[in-house]
Amino acid sequence: MLLKNSKIIVIKIGSSLLVDKNKRVRKKWLTSFAKDVGKLRSKNKKVIIVSSGAIALGCKKMNYNKKNLKLDKSQAIASIGQIELMYLFSEIFSKCKINISQILITLEDTEERKRSINAKRTFENLFKLDYLPIVNENDTIATSEIKYGDNDRLASRVAQITNADMLILLSDVDGLYTKNPKIFKDAKLIKKINNLDKDILNINTKGLTDLGSGGMDTKIEAAKICNLSGCNMIIANGLYLNPIKQIEEKSHCTWFVSKISKLQARKKWIISSVSPKGELLIDDGAKKAIKSGKSLLAAGIKKVIGKFDKGDHIKILDNKNKEFARALSSFSSDEINKIMGCHSNEIQKILGYVSKSEVVHKDDMVEL
Ligand code: GLU
């Protein structure tokens, strides 16, 4: 039910789901999970998996104890374990006829805009090729200062970058409780959080940890990131077989409802840019069209000011030089200089390649 309206779903799986306490790989579980993912994909949903387990599988192979590892050693172990992890996914998912690919990300990749746009494009191309992206932090080069260190927050940033509708954090706890259920018998599972900032004040998250690197705190941090990007989030116990089916049928989990829509989140982000890279001066006709909710076409552009790239923040000025909208440009300033004043169906001929027909899409524009 919760997943019905989600088109892009990011699912994070913690190490403890893949490797049990006795260091045994949980292949039966992974097979049941792969079947669930196959079902989502058959309903035309785009799925991204964020999987931990490189260090756990590296430790298993080398017979090391995770607790005693220093950072430099754990990086080498992650490098050994990441291959094991992907081999495991490949073995199990190919049986369900799901092709997989690997994406390793560092904190800098998600924080720097150009790199994150690039990552977004790669995700989209993988969807087009019908490959399922499996993401992990690039533990081998992430140093302690520039490290996520937990895949909860990494997964929420992946959800944000890919414009996902839902992030599912599969962990070894049922969800968020009013207090630590291991200590307090009267602890209650919170099924729905509608207002994260307010609701969280009544919860004692101390000691609410699972076996992975992130406890409840990193999950709440992840929920905050999702909340700002218009993405819903679920914390659920993934230890059961068919964990996604369990969520759909039983809803025994915590659901964080995002207060804003994805479009609102995008517009908020556009308007909050501190330094737009350039300006487009447009004619009255184009201004009228924008005011009635239409996109900005090349025909209505009179002048390009500044130098900017595709995807950069820009200001839209009316013919009195007054800024009336903020936007993300679908073309670079060099391209707009060539196509301004032209009809949209001439763009391909002028530029010599296929491109978008509108210079700024209506969803990428906010009136001031
Ligand atoms: N990236 C780490 C790994 O693959 C896991 C981080 C986490 O447990 O959240 O082992």
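Side chains are part of it too, since the values below use all heavy atoms of this structure and drop only hydrogens, waters and symmetry mates. Only a predicted model underlies this, so the values are computations on that prediction, with no experimental measurement involved. Note that ligands are numbered from 1 as they come in the structure, with each ligand's atoms numbered from 1 the same way.
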Practice problem: Quick one: look at N136 and ligand 1, take heavy-atom pairs under 4.0 Å, and tell me if it's side chain, backbone, both or neither. | Solution: side chain
Quiz item: Is it true that A78 lies under 4.0 Å from ligand 1, counting heavy atoms only?
Solution: no
Quiz prompt | Atom pair CD (E323) and CG (L280), whose distance is rounded to the nearest 0.5 Å | solution = 11.5 Å
Quiz item: With sequence neighbours left out, what residues match K45 under side-chain hydrogen bond (donor to acceptor under 3.5 Å, both in side chains)?
Solution: none
Practice problem: Run the numbers for me: atoms of ligand 1, each under 4.0 Å from some heavy atom of D139, listed by number. | Solution: 1 (N), 2 (C), 3 (C), 4 (O)
Practice problem: Give the numbers and elements of all ligand 1 atoms closer than 4.0 Å to a heavy atom of G53. | Solution: 3 (C), 4 (O), 10 (O)
Quiz item: Are any of the N/O atoms in K66 less than 3.5 Å from those in ligand 1?
Solution: no
Quiz item: For A56 and ligand 1, does the shortest N/O to N/O distance drop below 3.5 Å?
Solution: no
Practice problem: Only one of K315, K291, K362 passes salt bridge (Lys or Arg N to Asp or Glu O under 4.0 Å) with E367; say which it is. | Solution: K291
Self-check item: Contact summary for E358 and F331, nearest pair of heavy atoms
Solution: O-CE1, 3.4 Å
Self-check item: Nearest non-hydrogen partners of S329 and V360, listed with the distance
Solution: CA-CG2, 4.2 Å
